[in-house]
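For reference, the structure is listed below as C-alpha cells.
All values derive from a computational prediction rather than experimental measurement. Below, all heavy atoms of this structure are taken into account, side chains as well, without hydrogens, waters or symmetry copies. Both ligands and their constituent atoms are indexed starting at 1 by order of listing.
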Amino acid sequence: MSITYSIIAPIYNEFENIPALWQRVSQVMDSTGENWELILVDDGSSDGSTERIRELAAGEPRVRPVIFARNFGHQIAVTAGLDYARGKAIVVIDADLQDPPEVILELAEKWKEGYEVVYAVRSEREGESWFKLFTASMFYRLIYRITDVKIPLDTGDFRLIDRKVVDVMNSMRERHRFLRGMSAWIGFKQVGVEYKRAARVAGVTKYPFKKMLRLALNAITGFSYFPLQVATYFGFIAAGLAILAIPVVTVLRLVGSHFFEGQTTTLISVLFLGGVQLISLGILGEYIGRIYDEVKGRPLYVVSEAPDSMGGE
Ligand code: UDP
Ligand code: MG
C-alpha cells in the first residue's frame with residue numbers, strides 16, 4: 001500500500017488537543033480519497049499525552065507514534081517525523097490546531113500543480129499577545145535580512161513538502177536545526193499559500209521567549225556568518241577612529257589644550273573596547289559551541305517507541 005500523504009504533528013503536552021487534532025485531520029484527509037498516515041511525535045510529554053497517543057494508535061493503524069525518551073524540542077520532533085514519514089507528500093502541522101488542517105487541501109492543490117514546497121503564510125494571527133506578535137515579526141525580518149537564503153516572511157513550519165525535498169532534508173543531519181531555512185536552502189519550486197492562523201484550541205504556548213531566542217540563534221548561526229563579520233567591522237571602525245584621533249590629540253597638546261586629559265576618556269574607551277571584544281568572543285563562542293555539538297556526533301533524538309519502518313525504506 002503506497003501512502004500519498006504523511007501528516008506530522010509534534011506533541012509536547014497537548015493532552016486536550018489530541019482528540020480534536022485526530023478528528024479534524026482524519027476528516028480532511030479522508031476527503032482526499034488517498035492513503036494517508038498521521039505521525040504523532042511525542043516530544044517528552046508529561047501530561048498524559050503519551051498514553052493518549054498510544055490509545056489512539058492502538059485502534060487506528062494510520063496513526064504512527066514516535067515517542068521520545070525526553071523533550072528534544074520542536075524542530076527535532078519534526079525531524080523525527082520526517083524520518084519516519086513514508087508519504088509522497090509530507091505535511092508538518094502544529095498539534096494545537098493553530099494551523100487549520102483544512103488548509104492542507106489548499107497546500108495539496110499547489111503540490112499537484114507541481115510545486116515541491118508549499119508553505120503556509122500567516123496573513124493573520126488570532127489570540128496571540130502583542131509581545132509574541134512583535135517578537136515573531138522582528139524574528140522573521142531579522143532572519144530575512146541577515147541570512148544568505150531567502151526564507152519567506154511570516155512563515156512557520158506549517159507546509160507541504162515533496163518526498164524529493166524531504167529525502168534531501170533527511171540527509172542534512174545538523175543538530176541546531178532551523179527547518180524553514182533548510183527547506184529554503186534546498187530549493188526546488190516553492191510557493192506560499194496564505195492562511196489565517198487560529199488561536200490555540202487548548203493549553204498554553206510551549207514556545208516561551210527563551211525558546212524563540214534559541215531558535216533565532218540557530219537560524220542566524222545556521223545560515224549566516226554576519227555576526228562573525230560584525231567584529232571585523234567594529235575593528236575597522238575603532239582602528240579608523242584611533243588613526244583620526246592621534247593627529248587631533250597631538251595638535252591639541254601642542255597648542256596647550258587640556259581637552260583630552262584625565263582618566264575619564266581612557267576609562268570610557270577601555271570599557272567600550274572591552275565590551276566590544278567580549279561580545280565578539282561571545283559570538284565566536286556561539287559558533288564554536290555549535291561546532292563542538294556537531295563534532296560529538298550524538299544522535300539527534302532518542303526514541304523509546306517508534307514504528308518499525310522509516311521513510312525511504
Ligand atoms: N512542541 C514540541 N516540543 C517543544 C515545544 C513545542 O513538540 O519543545 C510542539 C507543540 O506541542 C506544538 C508545536 O510544537 O504542537 C508548536 O508549539 P506551540 O504551539 O507551543 O508554539 P507557538 O504556536 O506558540 O509558536
Ligand atoms: Mg501553537
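Residue contacts with ligand 1 for V41 are absent, since no atom lies close enough (heavy atoms, distance under 4.0 Å). Contacts with ligand 1 closer than 4.0 Å are made by side-chain heavy atoms of D43 only, the backbone lying farther away.
Looking only at heavy atoms of the protein, atom 1 (N) of ligand 1 is closest to Y12 CB, 3.7 Å. When hydrogens are left out, the protein atom nearest atom 24 (O) of ligand 1 is T205 OG1, 2.5 Å; that is the closest non-hydrogen contact. Shortest contact from atom 21 (O) of ligand 1 to any protein heavy atom: Y207 CD1, 3.4 Å. Of the protein's heavy atoms, K211 NZ, 2.9 Å lies nearest to atom 8 (O) of ligand 1. Atom 14 (O) of ligand 1 has its closest protein heavy atom at H74 CD2, 3.0 Å. Closest to atom 13 (C) of ligand 1, if we only count protein heavy atoms, is D94 OD1, 3.6 Å.
Within the listing of ligand 1, atoms 7 (O), 11 (O) sit less than 4.0 angstrom from a heavy atom of I11. Listed by atom number, the atoms of ligand 1 under 4.0 Å from K132 heavy atoms are 22 (P), 24 (O), 25 (O). Heavy-atom contacts of D96 reach the following atoms of ligand 1: 19 (O), 23 (O) (cutoff under 4.0 Å). Counting atoms of ligand 1 from 1 in the listed order, those under 4.0 Å from a heavy atom of A95 are 15 (O). Heavy-atom contacts of E14 reach the following atoms of ligand 1: 10 (C), 11 (O), 12 (C), 15 (O) (cutoff under 4.0 Å). Counting atoms of ligand 1 from 1 in the listed order, those under 4.0 Å from a heavy atom of Q98 are 19 (O), 22 (P), 23 (O). Ligand 1 places these atoms under 4.0 Å from at least one heavy atom of P10: 7 (O), 9 (C), 10 (C), 11 (O), 12 (C), 14 (O), 15 (O). Below 4.0 Å from some heavy atom of K206 lie the following atoms of ligand 1, by number and element: 5 (C), 6 (C), 18 (P), 20 (O).
Aromatic ring orientation, F72 versus F68: perpendicular (interplanar angle above 60°, classes split at 30° and 60°).
For R200, the heavy-atom gap to ligand 1 drops under 4.0 angstrom. The closest approach between Q75 and ligand 1 stays at or above 4.0 Å for every heavy atom of the residue.
Taking a cut-off of 2.8 Å, the protein N, O or S atoms nearer than that to the Mg ion (ligand 2) are D96 OD2, Q98 OE1.
Each ring-ring contact (aromatic ring centres under 6.0 Å, His included) pair with one or both residues in residues 222-248, not counting sequence neighbours, would appear here, but there are none.
For the 3.5 Å distance criterion, the side chains of N35 and T4 fail to qualify, holding no donor opposite an acceptor. When only modelled atom types and interatomic distance are considered, S49 and E14 share no side-chain donor-acceptor pair under 3.5 Å.
Although no hydrogens or angles enter the test, the distance criterion places no donor-acceptor pair under 3.5 Å between the side chain of D43 and the main chain of A77. Side-chain N or O atoms of R290 include one that pairs as donor or acceptor with a backbone N or O of E286 at under 3.5 Å.
No chain of hydrophobic side-chain contacts below 4.5 Å, direct or via other Ile, Leu, Val, Met, Phe, Trp or Tyr residues, connects I67 to L40. Transitive grouping of hydrophobic side chains (ILVMFWY, heavy atoms separated by less than 4.5 Å) brings V166 and V41 into a common cluster.
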Let me have the donor-acceptor pairs involving side chains of residues 170-181, under 3.5 Å, with sequence neighbours excluded, atom names and distances please.
| residue | atom | partner | partner atom | Å |
| --- | --- | --- | --- | --- |
| N170 | ND2 | L82 | O | 3.2 |
| S171 | OG | V168 | O | 2.6 |
| R173 | NH1 | D83 | OD1 | 3.1 |
| R173 | NH1 | N170 | O | 3.1 |
| R173 | NH2 | D83 | OD2 | 3.0 |
| R175 | NE | D293 | O | 3.4 |
| R175 | NH1 | R298 | O | 2.7 |
| R175 | NH2 | R298 | O | 2.8 |
| H176 | NE2 | D293 | OD2 | 2.8 |
| R177 | NE | T79 | OG1 | 2.9 |
| R177 | NH1 | M172 | O | 2.9 |
| R177 | NH1 | E174 | O | 2.6 |
| R177 | NH2 | M172 | O | 3.0 |
| R180 | NE | D157 | OD1 | 3.3 |
| R180 | NH1 | Y140 | OH | 3.4 |
| R180 | NH2 | D157 | OD2 | 3.3 |

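V295 forms part of a hydrophobic cluster together with I291, judged by ILVMFWY side-chain heavy-atom separations under 4.5 Å.
In summary, R24 and E102 engage in a salt bridge, as defined by a charged side-chain N under 4.0 Å from a carboxylate O. A salt bridge does not link E194 with R122: none of the charged nitrogens is closer than 4.0 Å to a carboxylate oxygen.
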Set out, in order, the CA-CA distance, both residues' side-chain angles and the distance that settles side chain to side chain contact (heavy atoms under 4.5 Å, CB included) for I283 and Y287, then state yes or no. CA-CA 7 Å; I283 294 173; Y287 283 86; 4.1 Å; yes
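Under the salt bridge (Lys or Arg N to Asp or Glu O under 4.0 Å) rule, R197 has a single partner from D96, D94, D154, which is D94.
Annotation: A77 places no N or O atom under 3.5 Å from an N or O atom of ligand 1; distance criterion only.
Between H74 and Y12, the ring center distance fails the sub-6.0 Å criterion.
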